[in-house]
Amino acid sequence: MIADFDVSSDWHVAAPYGFLRGLRHEQPVFHSPHLGAYVLTRHEDVRAAYGDAKRFSSAGSLTISRSLTQATRDRLGEHGSFLSSFVANVDPPDHTRLRRSVSRAFTPRAVAAMEERFRRLNEDVLDRVEPDGRADFVPGLGHIPSTKLTARFIGVPESDEEFVKSHVKDWFMLFLSPQPADRQLELADSFLEYLAYVDRLVAARAAAPQDDFTSLMTSLIGSELTHREVVELISTILLGGNDTVPNQLGNSVYRLLRENIWPVPADLTQNAVEECMRIDGASLGSFRYAITDIDLHGVTIPAGALCLLSTDSAAHDETVFDDPETFRIDRPNADAHMTLGYGIHFCVGAALARLQLRTALDVLGERLPGLRLAPGQPIAYRKSIVGRGLPALLVEWD
Ligand code: HEM
């Protein structure tokens with residue numbers, strides 16, 4: 001008998017691959033009572049659904065897993081539907097307009113210009129921790145450069161970085177994972193404080209523009225964007241920088257050290273990044289709503305139903321990736337994963353994410369060629385439906 005998704009259990013977050021394989025073979029359209037969603041697991045189905053925004057809607061898809069109490073909703077007031085106009089959470093034509101605006105900040109030139117800064121941020125962290133000979137990779141090495149790069153990109157002053165970091169974490173927890181009632185209220189307060197902060201930042205840049213993302217987006221208020229859209233964009237991109245890239249880096253370093261591939265040979269770094277994203281993706285999939293009844297593999301997904309497009313399963317689909325549970329640094333089609341999405345919502349920060357992962361692996365390999373896992377540590381992934389990441393990863397070096 002096929003089990004169900006169970007994000008609260010360790011097997012599910014650590015190694016769901018036998019389960020997902022069973023779904024691909026036996027129930028490629030699986031109705032999960034636990035998720036309250038129809039789950040697509042085959043690579044070709046997941047790809048087709050991402051590519052079919054006319055039948056698979058993103059409207060409201062990011063806010064599905066929240067289970068806010070009435071008291072929390074009252075506390076949040078008009079902000080209870082936060083993210084309702086975030087670019088990943090809307091359909092065309094709003095999506096087309098928002099995407100056009102946000103893309104202006106991610107031109108190839110703008111992204112390439114961040115490489116040197118990011119390299120330096122990694123060097124700075126290493127200058128500090130290298131003499132220690134050991135660290136918890138996640139908070140000690142992995143998070144700091146990405147968080148700082150994103151803060152500079154957005155225009156958050158260095159003195160506010162810690163504030164932003166802790167508040168971003170809080171709102172992520174509030175909206176994207178179920179929390180007990182009293183914890184929800186604490187998180188809601190933290191979130192409201194954070195919104196007020198972003199509002200102040202937008203007002204400051206409207207008065208005195210600088211060379212940063214907030215100034216660029218603020219200059220579009222009134223012509224292309226609303227004030228709320230700008231606040232949601234800034235908040236969410238800060239989250240992107242604080243969470244997704246460091247999670248992917250942690251997963252990647254854990255994988256590479258386990259496979260004894262360290263330091264990563266320079267000519268293979270790019271493919272190593274893709275293979276790490278394939279086998280240990282920091283994003284596990286995206287939610288969509290069926291716009292009409294959708295018939296697939298003998299199942300009718302009813303109009304209005306929630307669907308999970310499991311990129312995690314697609315990345316382990318043996319019809320696309322030979323021997324999918326084996327890490328192959330030179331896998332020719334490693335980049336056929338959809339960990340960065342696919343179609344009109346394809347990650348707008350993809351080039352920046354790849355640049356950071358490549359650069360971090362390069363610098364870490366150069367500076368810590370003897371990096372290894374600390375022996376005997378328990379490894380436990382965070383419990384989440386949409387993201388895989390390690391809260392801690394103890395490493396040592398000579
Ligand atoms: C390894 C790191 C990252 C992963 C795994 C990741 C993953 C994803 C995925 C799966 C989507 C598609 C969501 C959907 O279709 O519903 C997406 C969209 C998006 N990502 Fe990323 N992302 C990463 C890094 C970043 C970074 C660094 C930024 C910005 C600095 C960013 C900004 C965005 C934005 C704004 C969207 C929405 C695009 C749209 O809806 O058109 N991401 N990302």
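Order of appearance sets the numbers: ligands from 1, and atoms from 1 within every ligand. As the structure is a computational prediction, the values presented were derived from the model and not from experiment.
Ligand 1 lies less than 4.0 angstrom from a heavy atom belonging to Val348. A heavy-atom separation below 4.0 Å is found between Arg288 and ligand 1.
Phe30 and Phe56 fall into different hydrophobic clusters, where Ile, Leu, Val, Met, Phe, Trp and Tyr are joined by side-chain heavy atoms under 4.5 Å apart, directly or via other members.
In this pair, Tyr17 and His316 present their aromatic rings parallel. The plane angle is below 30°, not in the 30 to 60° band. Aromatic ring pairs are classed by plane angle as parallel below 30°, tilted from 30° to 60° and perpendicular above 60°; the pair Phe163 and Tyr194 is tilted.
Residue Arg117 qualifies as open at atom CZ: its count of foreign heavy atoms under 6.0 Å is 12 or below.
A salt bridge does not link Lys165 to Glu161: none of the charged nitrogens lies less than 4.0 Å from a carboxylate oxygen. Ion pair Asp127/Arg367 flagged as a salt bridge, since at least one NZ, NE, NH1 or NH2 atom sits closer than 4.0 Å to an Asp/Glu carboxylate oxygen.
By heavy-atom distance, the residue among Cys347, Ser146, Gly349 lying nearest atom 42 (N) of ligand 1 is Cys347.
By the 6.0 Å and 45° rule, Arg258 stacks over the aromatic ring of Tyr254. For the pair Arg331 and Phe321, the cation-pi criterion (under 6.0 Å, within 45° of the ring axis) is not fulfilled.
Here Phe5 and His34 keep their ring centres 6.0 angstrom or further from each other. When ring centroids are compared, Phe153 and Phe106 come within the 6.0 Å threshold.
Here Ile344 has backbone heavy atoms under 4.0 Å from ligand 1, and that is the only part of it that gets that close. Only the side chain of Gln248 comes within 4.0 Å of ligand 1, counting heavy atoms alone; its backbone N, CA, C and O stay farther away. Contacts between Ser286 and ligand 1 below 4.0 angstrom, taking non-hydrogen atoms only, involve the side chain exclusively. Residue contacts with ligand 1 for His95 involve side-chain atoms from C-beta outward but no N, CA, C or O (heavy atoms, distance under 4.0 Å). Residue Arg354 does not touch ligand 1, judged by heavy-atom distances below 4.0 Å. Of all the heavy atoms of Phe106, the ones lying under 4.0 Å from any atom of ligand 1 belong exclusively to the side chain.
Each of the atoms 5 (C), 10 (C) of ligand 1 lies under 4.0 Å from some heavy atom of Ser283. The contact set between ligand 1 and Ala88, taken as ligand atoms under 4.0 Å from a residue heavy atom, comprises 37 (C), 40 (O). Distances below 4.0 Å separate heavy atoms of Tyr50 from the following atoms of ligand 1: 15 (O). Residue-ligand proximity, Arg99 to ligand 1, at heavy-atom distances under 4.0 Å covers atoms 38 (C), 39 (C), 41 (O). For ligand 1, the atoms lying closer than 4.0 Å to a non-hydrogen atom of Ile237 are 29 (C), 30 (C). Proximity to Gly341 (heavy-atom distance under 4.0 Å) selects the following atoms of ligand 1: 10 (C). Below 4.0 Å from some heavy atom of Val87 lie the following atoms of ligand 1, by number and element: 35 (C), 37 (C), 39 (C), 40 (O), 41 (O).
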